[in-house]
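Below you'll find the structure, written out as structure tokens, and then a few comments.
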There are 2 protein chains.
Amino acid sequence: MPHLAFPNTNCEEFRCSTHCSVRPLAICGELSPEEHQEFERLAQHVRYAPKEPLFSEDEVSDSVFSLIEGIARLYKLLPDGRRQIIGFALPGDFLGMAPTPRYSFSADAIGTVVTCRFFKGPFNRFIENKPHMLMRMNEFATRELGQAQDQMLLLGRRSAEEKVAAFLVSWRDRLARVEGVTKTVTLPMGRQDIADFLGLTIETVSRTFTKLEREKLIVIVPDGVRVLDPKRFDALAAA
Amino acid sequence: MPHLAFPNTNCEEFRCSTHCSVRPLAICGELSPEEHQEFERLAQHVRYAPKEPLFSEDEVSDSVFSLIEGIARLYKLLPDGRRQIIGFALPGDFLGMAPTPRYSFSADAIGTVVTCRFFKGPFNRFIENKPHMLMRMNEFATRELGQAQDQMLLLGRRSAEEKVAAFLVSWRDRLARVEGVTKTVTLPMGRQDIADFLGLTIETVSRTFTKLEREKLIVIVPDGVRVLDPKRFDALAAA
DNA sequence: TTCGGGCATTGATCTGTGTCAAGTTGGCTT
DNA sequence: AAGCCAACTTGACACAGATCAATGCCCGAA
């Protein structure tokens with residue numbers, strides 16, 4: 001098992017506690033008990049330290065991943081170093097499908113991350129005669145595509161203030177799927193990550209947060225924001 | 001058959017000439033002869049006049065489409081009318097999958113368009129026990145997702161000149177798949193469409209074309225451009 | 001052959017966001 | 001408890017691309 005920060009210890013523990021909590025959301029969420037047992041035998045449970053890469057763009061793609069715990073940033077780079085974050089992955093998300101034999105983007109852990117890793121060969125053999133699994137993968141791909149299209153609209157046509165507001169709303173809603181509804185939105189990623197996701201600079205993101213706070217729409221708290229006026233806020237994000 | 005500009009005439013002609021020419025590229029490209037025959041019985045061949053909608057965002061999505069002939073623009077609108085074109089569909093492309101029961105974007109014909117239309121019910125029944133068909137749909141979704149991610153990088157992090165150059169290069173390469181390699185790149189869409197695809201204004205697109213021509217990278221011709229220095233041009237598009 | 005109307009180009013000016021340069025804050029290390 | 005460092009904020013200024021306003025160019029209709 002080369003280049004893993006933490007070797008694959010304590011799998012049994014993962015299998016019975018952490019892993020199961022996101023299973024209904026994950027790619028394997030609709031497998032029968034027997035199928036799931038077979039599926040688990042293909043999986044390696046891998047833990048990544050903060051900032052550690054899961055995989056990198058242009059690397060030969062031998063594995064796919066189901067994110068179990070933590071948050072990952074997915075991004076592409078231009079030759080001169082400009083970065084675009086194409087998404088943040090949450091528990092339940094499925095990573096690593098690519099239209100070529102190499103990864104089409106890079107992924108790294110934001111905080112500590114745990115994944116289920118599958119080598120492509122065994123994974124493909126497992127799914128190839130399981131229509132319901134293939135349909136689930138289609139659902140996942142279609143949902144991702146929908147998110148990507150929303151993001152194109154945001155990147156191409158929204159102002160900085162609209163970008164930040166829309167980001168906070170959609171992040172709040174995505175978090176709700178895994179952690180339930182909360183009043184304060186936790187932001188595990190830094191300002192630079194938000195900037196690179198929204199096609200802005202870190203300074204503009206910072207100024208925009210401050211502006212939204214001055215306008216009494218949010219309060220900035222450590223590691224997140226509290227939304228004060230959800231009505232007005234959702235309106236700003238939509239328009 | 002409500003609201004179709006041209007009723008469904010001459011299906012046999014489509015089946016044996018036009019249709020077949022893109023079949024290897026299309027979703028149905030790997031069906032066995034028997035399967036394909038069954039599949040064709042589910043299809044309506046529909047022709048659309050220039051500018052006519054195939055479907056609109058938020059409409060209940062009862063059908064999916066395989067584009068056979070012509071080019072469609074796919075776009076999303078903000079409430080105040082700002083538009084983002086999320087892609088141009090070419091023959092062989094598969095349209096209409098959405099993460100919700102409604103279309104997540106609008107599509108309309110640029111020139112004259114011909115599609116294979118499938119109602120979702122029969123379509124889903126046809127594919128649900130055909131793993132190779134499901135895998136093909138996965139390939140299509142994954143390819144689209146990859147394109148969407150490239151476009152996010154373009155929208156978020158490239159300059160106007162880089163956007164236009166990257167657009168021309170990728171459009172030239174996509175056209176090559178259906179019409180073969182040519183020296184001049186035909187642009188069936190107008191400047192406003194290009195602007196709305198690249199997150200720019202029509203004036204900036206126009207000025208950028210002129211600038212690329214002054215720099216002797218392209219020549220502007222009716223309905224397209226001729227690329228003079230592919231080497232230098234690809235470099236500009238990549239960086 | 002002229003007219004009209006869309007589409008594209010070009011010019012002048014404005015502005016939102018980027019860039020550059022200090023500060024500030026808060027959490028860790030020693 | 002002091003000192004450090006990374007992450008964030010704030011301010012002053014610059015500039016790429018938007019906006020506003022003509023003008024040009026085709027092509028189809030009469």
Side-chain angles (χ1 to χ4, degrees), chain A residues 49-51 73 78 80-85 110-111 154-168 185-215 218-225 236 239, chain B residues 49-51 73 78 80-85 108 110-111 154-168 185-215 218-226 236 239:
Chain A
K51 308 199 177 171
R73 90 187 124 235
L78 288 172
D80 65 1
R82 281 173 289 176
R83 183 177 72 156
Q84 178 67 37
I85 292 187
I110 289 185
L154 177 147
L155 289 169
R157 288 300 182 221
R158 297 177 110 111
S159 70
E161 189 175 13
E162 290 167 343
K163 284 177 175 181
V164 171
F167 164 67
L168 290 174
V185 185
T186 60
L187 296 172
M189 71 293 286
R191 295 285 188 269
Q192 185 63 60
D193 286 341
I194 297 174
D196 287 347
F197 184 56
L198 300 178
L200 299 171
T201 60
I202 187 175
E203 293 94 334
T204 298
V205 170
S206 184
R207 280 188 248 275
T208 306
F209 271 100
T210 306
K211 183 167 172 232
L212 292 174
E213 192 171 44
R214 269 202 314 272
E215 291 168 352
I218 62 171
V219 182
I220 300 169
V221 298
D223 300 312
V225 300
L236 179 58
Chain B
K51 309 198 176 173
R73 91 188 122 233
L78 288 172
D80 65 0
R82 282 173 288 175
R83 184 178 70 156
Q84 179 67 36
I85 291 188
D108 45 49
I110 289 185
L154 178 147
L155 290 169
R157 288 300 183 222
R158 297 176 107 110
S159 69
E161 191 176 13
E162 291 167 343
K163 283 177 175 181
V164 170
F167 165 67
L168 289 173
V185 184
T186 59
L187 297 172
M189 71 292 286
R191 294 287 187 269
Q192 186 63 61
D193 286 340
I194 296 174
D196 286 348
F197 184 55
L198 300 178
L200 299 170
T201 59
I202 188 174
E203 293 94 333
T204 298
V205 170
S206 184
R207 279 188 248 274
T208 306
F209 270 99
T210 307
K211 183 166 172 233
L212 293 173
E213 191 171 44
R214 270 201 314 270
E215 292 168 353
I218 62 171
V219 182
I220 299 168
V221 298
D223 299 313
V225 300
R226 177 180 297 262
L236 179 58

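Naming convention: chains lettered A, B, ... in sequence-line order (proteins, then strands); numbering from 1 in each chain.
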List the steps, then state whether side chain to side chain contact (heavy atoms under 4.5 Å, CB included) holds for B:Asp108 with B:Arg73.
CA-CA 6 Å; B:Asp108 45 49; B:Arg73 91 188 122 233; 2.8 Å; yes

What does the inter-axis angle of the helix from C:dT1-D:dA30 to C:dT30-D:dA1 come out as, five pairs per end, nearest 10 degrees?
30°

Quick one: A:Met189 CE to D:dC8 P, roughly how many Å, whole number?
11 Å

List in chain and number order the residues that pass side-chain contact (heavy atoms from CB on, under 4.5 Å) with A:Asp223, two or more places apart in sequence or in another chain; answer none if no residue qualifies.
none

Checking side chain to side chain contact (heavy atoms under 4.5 Å, CB included) for the pair B:Glu213/B:Val219: CA distance, chi angles, key distance, verdict?
CA-CA 5 Å; B:Glu213 191 171 44; B:Val219 182; 3.8 Å; yes

Could I get the full list of side-chain contact (heavy atoms from CB on, under 4.5 Å) partners for B:Ser159, not counting sequence neighbours?
B:Glu161, B:Glu162

Roughly, in whole Å, what's the span from CD in A:Gln192 to P in D:dT9?
12 Å

With sugar-phosphate taken as primed atoms, P, OP1 and OP2 and all else as base, the protein-contact string of nucleotides 16-27 of chain D at under 4.0 Å (heavy atoms; B, S, -) is -SSBB-------

Sequence-distant partners of B:Ser206, side-chain contact (heavy atoms from CB on, under 4.5 Å), two or more places apart:
none

For B:Thr208, check side-chain hydrogen bond (donor to acceptor under 3.5 Å, both in side chains) against everything at least two apart and list the hits.
none

Can you measure A:Asp193 atom CG to D:dA7 atom P for me and round it to whole angstrom units?
10 Å

Contacts of A:Arg83 that satisfy salt bridge (charged side-chain N to carboxylate O under 4.0 Å, His left out) - sequence neighbours left out
A:Asp193, A:Asp196

Along DNA chain C, 5' to 3', what are the outermost nucleotides having an atom less than 4.0 Å from a heavy atom of chain B?
C:dC7 to C:dA12

